[in-house]
**Student:** 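Please find one structure pasted underneath; my questions will follow.
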There are 2 protein chains.
Amino acid sequence: MREIGLNDIEDIALGATLLGAGGGGDPYIGKLTAMAAVRECGPVRLIGADELPDDAFVVPSASMGAPTILTEKGVGAHEFHRLFDMVGMFFNRPVYATMPAEAGGVNSMLPIACAARLGIPMVDADGMGRAFPELQMATFAIGGASASPMAFIDEKGNAGVLSTVTNKWTEDIARAATTTCGGTLTIALYCMDAPTVKAYGVHGIVTRSQKLGHAIRTAKEGAAAAGMTPEEYFLHFTGGFKLFKGKIADVLRETRGAFNFGRAVLEGIGEYRGSRAFVDFQNENLQCVVDGEVRATVPDLICLVDPETFIPVPTDALKYGKRVLAVGLTCFDMWRTPRGLDLVGPRYFGIDVDYVPVEELCGQKGE
Amino acid sequence: MREIGLNDIEDIALGATLLGAGGGGDPYIGKLTAMAAVRECGPVRLIGADELPDDAFVVPSASMGAPTILTEKGVGAHEFHRLFDMVGMFFNRPVYATMPAEAGGVNSMLPIACAARLGIPMVDADGMGRAFPELQMATFAIGGASASPMAFIDEKGNAGVLSTVTNKWTEDIARAATTTCGGTLTIALYCMDAPTVKAYGVHGIVTRSQKLGHAIRTAKEGAAAAGMTPEEYFLHFTGGFKLFKGKIADVLRETRGAFNFGRAVLEGIGEYRGSRAFVDFQNENLQCVVDGEVRATVPDLICLVDPETFIPVPTDALKYGKRVLAVGLTCFDMWRTPRGLDLVGPRYFGIDVDYVPVEELCGQKGE
């Protein structure tokens with residue numbers, strides 16, 4: 001157990017942007033929401049999944065909606081109370097803790113606000129180890145956990161509980177409600193017992209986010225202290241594989257069914273001069289192809305960062321002329337099982353390739 | 001209190017088709033559902049609204065969706081149980097009775113099935129006195145009742161409870177869920193106390209439906225016994241105003257946002273030869289215009305019936321060459337108040353005329 005105070009939030013948000021793999025929503029508004037909650041209600045107790053009593057009932061909290069819309073809206077204080085009241089009514093059990101459903105992007109921040117407002121701990125684990133666009137894409141689902149009964153509320157006060165026959169139906173009905181309510185809902189889903197969190201959660205992901213954020217923020221000093229170039233240092237502390245370095249030559253975008261689809265086309269710079277690459281995305285980056293060869297696909301994380309500062313560049317910020325370093329991070333190992341790949345493999349996203357782990361595509365040492 | 005058995009259902013359904021004013025959904029599948037429930041579980045106790053104990057908690061049941069899709073689906077036995085369990089969980093009160101939210105169309109039948117399955121009485125009242133396309137259009141709303149918390153379930157088992165800030169938000173979110181779930185949901189809404197039912201319900205509407213159905217079915221004998229022509233007899237027992245008689249020359253249709261929109265163009269026959277009329281509809285008939293003059297608008301009921309058999313012709317059955325008698329029935333008087341007209345007046349449906357009661361437009365005696 002440790003406490004998350006105001007000073008921790010900045011680094012967690014920065015690390016979560018990297019784990020967002022281009023998506024997950026801009027943590028900026030989420031950060032303000034989390035900071036306001038901690039300032040008002042005090043620091044949040046962060047507990048390891050293994051510290052949960054076995055009979056603890058854990059309710060992950062999140063925001064649902066298109067990232068470009070998320071940035072225009074916030075989450076009010078009373079919403080978490082009503083959300084958890086609805087969950088409590090359905091399960092008739094006291095909630096022991098909340099946790100992120102998704103550690104990447106804005107959903108790293110909402111559970112901090114939720115935990116602070118409700119005075120409950122937050123578990124240092126999530127159900128993705130990154131960000132994904134649909135809510136059936138959770139490690140808990142590999143363990144057979146149900147996304148529903150799921151509660152939702154919008155900023156106007158419209159709320160509901162869904163109980164569906166599959167997690168994909170939860171996604172579909174909640175997505176329709178999201179669109180109807182103006183693009184964003186605050187949700188509580190995958191309500192579960194501690195053993196499921198322990199067996200299927202991505203342990204330590206909040207702490208990992210914070211360490212990633214800290215390392216990005218102090219990359220220059222860190223590199224100097226380690227006797228590395230900043231890029232070497234960045235690849236070292238993220239455990240990332242270098243995929244490409246280039247200048248954005250074109251960005252194609254389409255908002256369809258509440259998702260941001262698109263492709264960024266890159267022209268190589270530095271050692272990649274003369275090469276071309278593209279990165280496809282659906283909220284998050286899905287695949288990176290360099291000179292016609294696949295270098296990384298979902299569920300591995302494809303992160304575009306500024307080549308000097310290593311600040312992650314989300315898909316909504318991609319624009320002509322911007323320089324980016326493309327890095328691949330290995331995903332949580334359960335995503336690489338057949339059940340995991342059914343949920344989040346390349347073919348689910350319409351990319352007709354077999355999944356090959358990024359470390360095999362790039363060689364064990366990256367570059 | 002009286003009982004509704006198998007023999008009553010046919011006439012209630014036929015009368016409900018007339019009260020559907022062209023919409024409300026084909027009662028045919030609803031009739032089979034109600035009959036199967038009564039056959040299996042026994043007759044339904046029909047109680048007058050005034051017979052309700054003041055502390056009785058009443059939960060109307062209905063089907064939501066586009067009429068053309070409703071005819072392809074049924075409602076299973078267990079759905080009402082889950083639906084009312086969800087309502088019970090939200091309100092933590094035993095349900096005393098169900099009732100129709102909408103007496104016109106298929107929604108005349110579902111509460112019979114619901115009451116039979118759950119072994120509770122059905123109240124002889126509804127919240128429309130006819131059919132309307134959106135769920136905020138209920139007399140209970142004039143009395144300040146809330147459509148939500150509203151429960152829904154689809155035939156696959158997907159279910160939910162909505163609690164919204166306005167009845168229009170209930171409509172919008174439930175409509176999105178309806179579309180996502182394949183076009184039809186079974187719902188429980190306007191859960192309320194007996195005093196609200198007594199003050200704002202349309203009393204005796206089930207009995208009225210049954211009498212209308214019986215009179216239509218026996219029109220020829222009834223007319224002979226009364227010494228009237230069948231048409232005179234039909235206008236007499238419905239209290240209707242003759243608007244037009246004609247042959248359908250054209251039908252324009254559009255399915256948009258889960259509603260059936262359209263216009264039927266009529267060429268006069270009999271005493272209307274040389275005249276032209278049109279009837280606009282959104283699920284239900286909205287206005288009847290004869291030779292450029294408005295003869296009736298919502299919330300009054302505009303019913304097209306076969307000129308020989310007086311069987312109602314729903315909007316989905318309108319087709320070139322069909323002969324119809326257009327009749328206007330006066331609506332429940334609360335619809336004629338300013339609050340009523342805000343909910344269901346012609347302007348709500350995009351028809352830019354002031355509401356004038358059908359008896360004023362047609363003269364007190366119809367012709």
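Note on naming: letters A, B, ... go to the chains in the order of the sequence lines (proteins, then strands), and numbering restarts at 1 for each one. None of the values given here were measured: they were computed from a predicted structure.
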**Student:** Drop me the distance from S163(B)'s OG to M86(A)'s CE, to the nearest 0.5 angstrom.
**Tutor:**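 That separation rounds to 7.0 Å.
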**Student:** Give me the atom names and distance for the closest heavy-atom approach of I173(A) to N158(B).
**Tutor:**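 Reported closest heavy-atom pair: CD1-CB, 3.9 Å.
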**Student:** May I ask you to check whether over 12 heavy atoms, not counting those of Y28(A), lie within 6.0 Å of atom OH?
**Tutor:** no
**Student:** Quick one: of D154(A), I153(A), L162(A), who has the most non-hydrogen atom pairs under 4.5 Å with chain B?
**Tutor:** L162(A)
**Student:** Tell me, out of A159(A), G157(A), G160(A), A174(A), who's got the most heavy-atom pairs with chain B below 4.5 Å.
**Tutor:** A159(A)
**Student:** Mind ranking D172(B), T166(B), N92(B), V161(B) by heavy-atom pairs under 4.5 Å with chain A and telling me who comes out on top?
**Tutor:**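 Greatest number of close heavy-atom pairs with chain A: V161(B).
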**Student:** Using non-hydrogen atoms and a 4.5 Å limit, figure out which bit of F152(B) sits close to chain A: side chain, backbone, both or neither.
**Tutor:**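 Answer is side chain: those atoms of F152(B) sit under 4.5 Å from chain A.
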